[in-house]
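Shown next, in C-alpha cells, is the structure this report addresses.
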Amino acid sequence: MQTKIVYTLISSNNDYYTEQLLASAWSAKFYNANTEILLLCDESTKKYIGHKYGNIIWDVINEIKAIDVPIGLGLKERSRWLKTNAREYVSGAMIQVDTDTIICGELSELDSLESDIAAVYDYHCPLACAPYKNTVFDNVCKLYDLSMDVVRKMEINYYNSGVIFSNDTEKARTFYRDWHKFWKVGIDKGMPRDQFAFFRAAMDNSVDRLDDVYNCMIRTSIRFLHTAKIMHFFNSGWGSDEISPFFSDEIYRRIKENGNIADSDKKRILNCKSEFSSPSVIMDSYESEVVFSPVFILLRVWHNDKSIMFKFANYLSRAMLKLKGL
C-alpha cells in the first residue's frame with residue numbers, strides 16, 4: 001500500500017496513549033505488513049517511547065518524527081496542535097488514525113482514492129439526524145461568530161476526526177491549515193475541540209465522505225461492525241468500560257506493566273469485533289436522543305457518584321409511573 005498510516009501522539013508514563021498506539025500499530029502492521037507507518041510526536045514522547053519500548057516499537061513503526069510543539073499548552077492541547085498540523089509533516093497520501101483504534105483488515109483500497117480530504121460522518125449519520133446537532137450548531141456559531149441560519153442552510157455535515165484520509169495536494173494542505181487556524185480560535189475562547197474546528201474548516205473547503213468501514217464508531221452504530229476495516233473505540237470515557245476491554249485500560253495496562261503485547265492480548269486485538277460482553281443493548285435514534293439528553297447524563301453522573309439523588313430520582317420516577325398506570 002502506498003498510502004501511509006500516520007499517528008500523532010503526545011504521551012508519558014502517566015497515561016496509556018502510547019500503549020494504545022502500540023496495539024493499534026501492531027494491528028495495522030499485522031494486516032498491512034508492507035505499509036509505511038509513521039508516528040508524529042514531540043521530543044519528550046519520542047524519548048519516553050525509546051526508553052520504555054525501544055525493544056518493540058520498530059516492529060510496528062517505520063519512522064518517528066519529533067516535531068517542535070509549543071510547550072505552553074496542556075497535554076491535550078499539544079496533542080491537538082500536532083493532530084491539526086499533521087499534513088505539514090507528511091509527504092504522499094496518508095490516512096491519519098487516532099490511537100484509540102484497532103485495524104481489522106487490509107487497507108490498500110485507499111490507494112485508489114482521489115479525494116483531497118475524506119472523513120466519516122460522526123455517529124455514521126448526517127448532522128441533521130444526530131442527537132447532538134443543536135449543540136454543534138450552538139457552539140460553532142458562538143465560537144466563530146456565525147449566523148445560525150447561515151450555518152444551517154449550508155448543510156455542512158459533522159465529520160469524526162478520528163480517521164482522516166488526505167492526498168498530498170494543495171487543497172488538502174489548505175484544509176489542514178484552516179483546521180489548525182480554527183482550532184486555535186477555540187483555544188483562545190476556551191473550547192479546544194478539534195471537531196468543531198474541522199466542521200468550520202469544512203464550511204470553506206470540500207470534504208468527501210469516506211467509506212464508513214474505515215472508521216467504525218461502535219459506540220454510536222453497529223451498522224458497519226461486520227465489514228469494519230478500522231474500529232474506533234472512543235477515549236471520551238462516556239458509557240460503561242465493561243462492555244469491551246477496548247473501552248477500558250485493561251489491555252493497555254498490561255502492555256505498560258509487561259513492556260510488550262502478550263500473545264493473549266494479540267488474540268483479543270485480532271478478535272476485537274467480538275470482544276463484547278452481554279448484555280449489550282442496541283439503541284435506535286429515538287432511544288439515543290433520550291440517552292444523550294441532559295437529564296439522562298445527570299442521572300448517569302449521580303449513578304457513578306453513588307449519589308442519594310439517584311435513589312431519590314428513582315423513587316420519584318416510580319411514583320410518577322404508578323400515577324400514569326405504567
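Here, residue 1 is the first one in the sequence, and each next residue gets the next number. All values reported here derive from a predicted model rather than from experimental measurement.
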Stepwise side chain to side chain contact (heavy atoms under 4.5 Å, CB included) check, D204 with R200: CA-CA 7 Å; D204 297 339; R200 179 62 185 87; 3.0 Å; yes

Check: R209 side chain, Y121 main-chain N or O, donor-acceptor pair, under 3.5 Å: no

Residue pair E114 / N167: nearest heavy atoms and the distance that separates them: C-ND2, 3.6 Å

Heavy-atom check, side chain of M203 versus side chain of F182, under 4.5 Å: no

Non-hydrogen side-chain atoms of V90 and L40 separated by less than 4.5 Å: yes

Residue I71 excluded, over 12 heavy atoms near CD1 under 6.0 Å: no

Mutual orientation of the aromatic rings belonging to Y48 and Y53 [parallel < 30°, tilted 30-60°, perpendicular > 60°]: perpendicular

D100 side, atom CG; S24 side, atom OG - distance, nearest 0.5 Å: 8.5 Å

Shortest non-hydrogen contact from L107 toward N32: N-OD1, 2.8 Å

Residue pair W179 / N205, side-chain heavy-atom distance below 4.5 Å: no

Working for side chain to side chain contact (heavy atoms under 4.5 Å, CB included), residues L21 and V60: CA-CA 10 Å; L21 164 74; V60 296; over 6 Å; no

Note: D15-K76 ion pair, threshold 4.0 Å (strictly below): no

Single-linkage hydrophobic cluster, 4.5 Å side-chain cutoff, M148 and Y132 together: yes

Atom CG of L323: over 12 foreign heavy atoms under 6.0 Å: yes

Step-by-step side chain to side chain contact (heavy atoms under 4.5 Å, CB included) determination, L225 to I218: CA-CA 7 Å; L225 174 61; I218 191 59; 4.0 Å; yes

Donor-acceptor under 3.5 Å (D111 side chain, Q2 main chain): yes

From F276, F233, Y16, residue fulfilling ring pair (Phe, Tyr, Trp, His ring centres under 6.0 Å) relative to F246: F233

Side chain to side chain donor-acceptor pair (under 3.5 Å), paired with K29, selected from N34, T35, D59, N62: N62

Single-linkage hydrophobic cluster, 4.5 Å side-chain cutoff, L299 and V301 together: no

Aromatic ring pairing W81/Y89, orientation class (parallel under 30°, perpendicular over 60°, tilted between): tilted

Validation row: K256, N13 side chains within 4.5 angstrom (heavy atoms): yes

More than 12 heavy atoms from other groups under 6.0 Å of CG on L321: yes

Residues D194, K83: salt bridge by 4.0 Å N-O rule: yes

Heavy atoms of other groups near R254 CZ, more than 12 under 6.0 Å: yes

Side chain to side chain, C272 and C104, heavy atoms closer than 4.5 Å: yes

Minimal non-hydrogen separation, Y7 against A28, with atom names: OH-CB, 4.0 Å

CZ on R268 to CD on E250, rounded to 0.5 Å: 6.0 Å

CG/L270: more than 12 non-hydrogen atoms of other groups inside 6.0 Å: yes

Where K133 and A128 come nearest, the two heavy atoms and their spacing: CD-O, 3.4 Å

Heavy-atom side-chain contact between M217 and V120 under 4.5 Å: yes

Flag side-chain contact, heavy atom, 4.5 Å: N160 against Q195: yes

Cluster check V290, F310: I/L/V/M/F/W/Y, side chain < 4.5 angstrom: no

From NZ (K266) to CH2 (W26), nearest 0.5 Å: 6.0 Å

Test side chain to side chain donor-acceptor pair (under 3.5 Å) applied to D122 and Y158, step by step: CA-CA 6 Å; D122 200 44; Y158 190 65; 5.4 Å; no

Distance (rounded to the nearest 0.5 Å) between D98 CG and S79 OG: 8.0 Å

Lys/Arg N to Asp/Glu carboxylate O, R177 vs E88, below 4.0 Å: yes

Hphob cluster co-occupancy, M191 + Y144, side-chain heavy atoms under 4.5 angstrom: yes

From I61 atom CD1 to L38 atom CG, the distance as rounded to the nearest 0.5 Å: 8.0 Å

Side chain to side chain contact (heavy atoms under 4.5 Å, CB included) between C41 and I64, worked out: CA-CA 7 Å; C41 61; I64 299 177; 3.6 Å; yes

Stepwise salt bridge (charged side-chain N to carboxylate O under 4.0 Å, His left out) check, D168 with K4: CA-CA 11 Å; D168 192 351; K4 296 174 183 175; over 6 Å; no

Side-chain heavy atoms of R80 within contact of I187, under 4.5 Å: no

Distance-minimising heavy-atom pair for A86 and Q96: CB-OE1, 3.4 Å

H124 side chain to N215 backbone, donor-acceptor under 3.5 Å: yes

Neighbour count above 12 (heavy atom, 6.0 Å) for E155 CD: no

Residue pair I269 / S27: nearest heavy atoms and the distance that separates them: CG2-CB, 3.8 Å

With R78, the side chain to side chain donor-acceptor pair (under 3.5 Å) member among T8, T45, D42: D42

Straight-line distance of D178 CG to W183 CH2, nearest 0.5 Å: 15.0 Å

Heavy atoms from other residues, nucleotides or ligands near NZ of K181 exceed 12 (cutoff 6.0 Å): yes

Proximity of F199 and Y159 rings by center, below 6.0 Å: no

Enclosure of K65 NZ (heavy-atom neighbours >12, cutoff 6.0 Å): yes

Verify same cluster id: W302, V291 (apolar side-chain graph, 4.5 Å): no

Under the ring-ring contact (aromatic ring centres under 6.0 Å, His included) test, residues paired with F175 that sit two or more places apart: F198

